[in-house]
Amino acid sequence: MTDEPLETPALPESEPEPVVPLTANAPEPEPEPVTEPEPEPEPEPVTEPEPEPEPEPEPEPEPVTEPEPEPEPVAEPEPVAEPELVPEPEPEPEPEPELVPELARAPEPEPVAPRTVGRLIADALRAAGVDVAFTVPGESFLGLLEALPQVGIRVVTTRHEGGAAFMAEAHGQLTGKPAACLATRAVGAANLAIGIHTARANSTPMFALVGQVTRPVKGREAFQEIDLPGSIGRMAKWSVELETAGRAEATLLEATRHALGGRPGPVVVALPEDLLDELVPGAAIEAAPFRPARIEPDDAAVRRVLHLLTAARRPVILAGAGVLRSRGTADLVRLAELLEVPVIASWRRPDVFPNDHRLYLGMTGYGAADTVRARLDDADLVLVLGARLNEIASFGYEVPRRDQPWIHVDLEPRGVGHGLGEPSQAVVADARTFLRVARRRVSMGVLAAESFDARRAADEADRAAYLVASIVTDEPWSGPGVHPGRVIETLNRILPPQAVVATDAGNFAGWAARGLHFRRPGTFVGPTSGAMGYGLPAAIAASLEHPGRPVVALAGDGGFAMTMSELETAVREHATVVALVFDNHRYGTIRAHQDRRGTGAGESTDLGPIDFATVATALGAHGVRVDDDAAFEPALVAALAAGTTTVIHLPIDRRWRSVGVLDPA
Ligand SMILES: Cc1ncc(C[n+]2csc(CCOP(=O)(O)OP(=O)(O)O)c2C)c(N)n1
Ligand SMILES: [Mg+2]
């Protein structure tokens with residue numbers, strides 16, 4: 001329902017052949033305004049086919065009814081012997097659905113005058129692009145809950161507010177459009193907290209709406225009363241408690257601006273119960289649909305970035321969520337090709353660049369192939385594009401090194417004070433606008449064939465080394481249980497390119513981080529907060545957003561058990577998720593930390609068995625246990641075809657410590 005016609009790139013067809021590098025004397029192009037095309041009408045929803053497992057994903061049949069099909073943006077690696085100075089002819093860049101202008105097109109609800117504050121808030125949410133809300137209901141916000149369906153917002157009831165918040169976060173991460181999660185007073189708010197933190201870490205727009213005690217009892221230690229803005233509100237990007245009906249409209253507009261504007265994030269709005277049923281007198285001020293600005297970079301800054309990039313010997317681009325949110329992947333692919341600069345994905349953003357592209361060199365963070373850090377260390381320039389450089393993504397704030405030249409292009413570039421050295425250049429821009437301006441500039445450059453050829457040869461060698469380092473199947477091991485790497489290899493073979501994967505947190509995720517391949521943007525969701533319990537709810541949200549697409553959740557036994565009651569939500573809402581539970585009967589990540597410390601191994605990290613297949617069937621889903629590698633593929637194929645939610649329980653040899661590390665004991 002959010003997928004839209006794809007935008008054509010700004011570059012003219014007759015663009016001069018790409019040339020590298022730019023020189024200081026490169027002709028000045030006429031500045032072209034980077035204006036977004038007017039939003040087009042939303043297409044009719046497209047019914048997607050039932051997922052059909054594709055045993056042979058290559059060559060890919062283009063799924064005809066899939067709204068995002070597009071040619072793979074990049075051809076297969078070219079023969080090394082070909083002394084091409086210029087990359088292959090420019091394909092139509094992968095068109096990507098515009099996500100934000102849609103906000104301006106949300107169907108206007110019928111005006112109601114007078115309307116309740118609850119209805120006014122529902123109208124404001126709808127105008128902000130919210131089309132789904134996740135909740136455990138409470139008596140404190142019924143006046144809002146009842147109004148949501150009236151304005152066309154789907155309400156999904158969950159089993160725990162943590163699940164609701166994770167689902168809203170995943171929806172926002174996947175689509176760029178905010179979802180809402182609703183909870184009651186202190187108790188519901190406390191349960192929402194993990195999702196608010198996750199949305200903050202992921203820069204995901206989200207509305208967390210929390211019912212508050214009535215105004216007459218406020219401050220009197222009322223039932224489930226806490227200072228909401230002062231507690232969970234402080235985990236959010238912005239928070240507020242509504243005090244009067246007269247302020248409701250302006251406050252919701254302000255909340256929208258904070259959720260979507262600049263670096264997006266979650267907002268918490270506390271709603272006194274008695275306020276929601278008050279009538280708002282007179283004609284309502286029409287909520288101005290909010291559309292985050294495309295922030296165009298300073299032209300001189302872009303030129304300087306390009307000069308630095310082309311003058312460097314071993315540059316690399318580190319790309320993050322900003323590229324995904326601005327739908328800039330196709331532009332990134334083209335710029336990388338034009339400049340022959342390889343791309344590394346920031347942690348938990350593996351879908352930011354097609355992983356089968358010859359210039360893709362892996363993902364940072366937990367589970368990274370050894371070559372990833374080595375290549376970044378070897379770079380004489382790192383262009384950090386739309387990535388926040390958090391602790392995990394930056395290998396403990398060691399990439400970029402303090403003595404390493406780097407450039408930060410971001411809506412809110414990092415200043416000093418985050419443990420990183422100062423960037424050589426900081427550019428305030430959204431990733432896609434930056435990439436488009438840069439691409440136009442590059443087309444004006446002057447060719448230096450030697451430099452281009454040298455880069456291409458180095459890139460081919462780097463790619464070959466990365467491919468070897470990202471193999472996750474080659475340990476000599478024969479059981480018991482399944483080999484996590486072989487599970488990943490099977491997923492690579494079976495899942496079609498439009499499949500969405502959601503991951504939980506834990507050591508099991510290392511195999512996927514290193515070995516699972518993504519070919520299209522918008523096909524992965526994960527918590528950069530490292531929050532356990534995320535995988536299943538996130539997958540449910542993805543399946544509700546993309547009905548008919550294969551959606552796979554990856555989780556450990558610890559994380560899955562935290563939110564597995566949401567299986568009933570999945571069944572009730574007709575989500576079709578395939579949940580893989582990697583079961584080692586322990587909090588394996590923490591056990592690995594204990595082993596590294598050399599003390600207290602096993603203390604508090606051992607868990608008892610859970611029969612996850614039986615749990616699944618008890619909650620109305622399908623469940624199957626797979627005890628060896630041979631049984632996994634048929635189980636996966638059957639689950640993808642089942643048209644319902646299925647849990648595949650995968651017992652894991654407890655000797656696995658983490659990806660590639662098998663305990664000899
Ligand atoms: C909500 C939450 N609580 C605690 C942690 C700390 N933690 C990180 S990984 C982990 C264990 C994960 O266990 P499991 O899901 O079984 O995956 P495994 O590491 O065994 O593969 C824990 C407890 C966390 N990240 N999130
Ligand atoms: Mg475990």
Side-chain angles (χ1 to χ4, degrees), residues 160-167 169-170 190-202 232 235 347-348 365-367 390-393 472 480-488 501-516 526-539 552-566 579-597 600-612 615 625 647-663:
H160 189 284
E161 292 86 350
F166 281 149
M167 289 180 206
E169 195 286 332
N191 281 353
L192 280 185
I194 191 168
I196 295 169
H197 167 64
T198 298
R200 187 80 178 119
N202 271 341
I232 62 152
M235 303 173 84
W347 183 52
R348 295 216 153 131
Y366 294 136
N390 68 37
E391 182 185 356
I392 310 305
V472 288
V482 299
H483 185 305
R486 292 178 201 153
V487 168
I488 298 303
V501 175
T503 192
D504 215 283
N507 264 4
F508 74 88
W511 280 269
R514 190 173 299 175
L516 192 56
T528 54
S529 62
M532 291 168 70
Y534 180 87
L536 176 65
V552 175
L554 308 177
D557 54 318
F560 192 76
M562 286 188 174
T563 49
M564 66 187 174
S565 57
E566 302 300 349
L580 307 186
V581 183
F582 296 84
D583 183 9
N584 55 7
H585 295 187
R586 62 168 46 132
Y587 291 128
T589 309
I590 310 307
R591 170 59 190 260
H593 281 283
Q594 289 174 331
D595 287 343
R596 273 198 290 278
R597 284 166 60 86
E603 178 63 47
S604 308
T605 51
D606 282 339
L607 296 168
I610 292 179
D611 181 346
F612 288 103
V615 168
R625 180 184 163 110
V647 173
I648 303 182
H649 183 177
L650 301 170
I652 300 297
D653 185 344
R654 294 183 103 203
R655 290 175 301 160
W656 287 111
R657 283 285 170 263
S658 57
V659 53
V661 183
L662 195 56
D663 189 342

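Atoms within each ligand, like the ligands themselves, are counted from 1 in listed order. Everything quoted here is computed from the prediction, not taken from an experiment.
In this structure, CZ on Phe582 lies 12.0 Å from CH2 on Trp656, to the nearest 0.5 angstrom.
Although no hydrogens or angles enter the test, the distance criterion places no donor-acceptor pair under 3.5 Å between the side chain of Asn191 and the main chain of Gly162. With hydrogens and angles ignored, the 3.5 Å screen pairs no side-chain donor or acceptor of Arg657 with any backbone N or O of Ala592. A donor-acceptor pair under 3.5 Å is absent between the side-chain atoms of Glu161 and the main chain of Gly195, judged by distance alone. The closest donor-acceptor contact from the side chain of Asp557 to the backbone of Arg586 lies under 3.5 Å. In this structure a side-chain-to-backbone donor-acceptor pair under 3.5 Å is missing from Asn390 to Ser529.
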Tabulation required: pairs of a nitrogen or oxygen in ligand 1 and a protein nitrogen or oxygen under 3.5 Å; columns are atom names and distance to 0.1 Å; otherwise 'none'.
from	atom 1	to	atom 2	distance (Å)
ligand 1	15 (O)	Gly558	N	3.3
ligand 1	15 (O)	Gly559	N	2.8
ligand 1	16 (O)	Asp557	N	3.4
ligand 1	16 (O)	Asp557	OD1	2.7
ligand 1	16 (O)	Gly558	N	2.8
ligand 1	16 (O)	Arg586	O	3.1
ligand 1	19 (O)	Asn507	N	2.9
ligand 1	19 (O)	Gly588	N	3.4
ligand 1	19 (O)	Thr589	N	2.9
ligand 1	19 (O)	Thr589	OG1	2.6
ligand 1	20 (O)	Asn584	OD1	3.2
ligand 1	20 (O)	Asn584	ND2	3.0
ligand 1	20 (O)	Arg586	O	3.1
ligand 1	20 (O)	Gly588	N	2.8
ligand 1	21 (O)	Asn507	N	3.3
ligand 1	21 (O)	Phe508	N	3.0
ligand 1	25 (N)	Gly530	O	2.8
ligand 1	26 (N)	Met532	N	3.2

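Side-chain contact check for Asn507 versus Asn584: every heavy-atom pair is 4.5 Å or farther apart.
Here 3 is the count of protein N, O or S atoms positioned under 2.8 Å from the Mg ion (ligand 2), waters not counted.
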Under the side chain to side chain contact (heavy atoms under 4.5 Å, CB included) rule, what do Arg591 and Arg654 come out as? Steps first, then yes or no, please.
CA-CA 11 Å; Arg591 170 59 190 260; Arg654 294 183 103 203; 5.8 Å; no

Are Gln594 and Glu603 close enough, and set up right, to give a side chain to side chain contact (heavy atoms under 4.5 Å, CB included), and what steps lead you there?
CA-CA 8 Å; Gln594 289 174 331; Glu603 178 63 47; 3.9 Å; yes

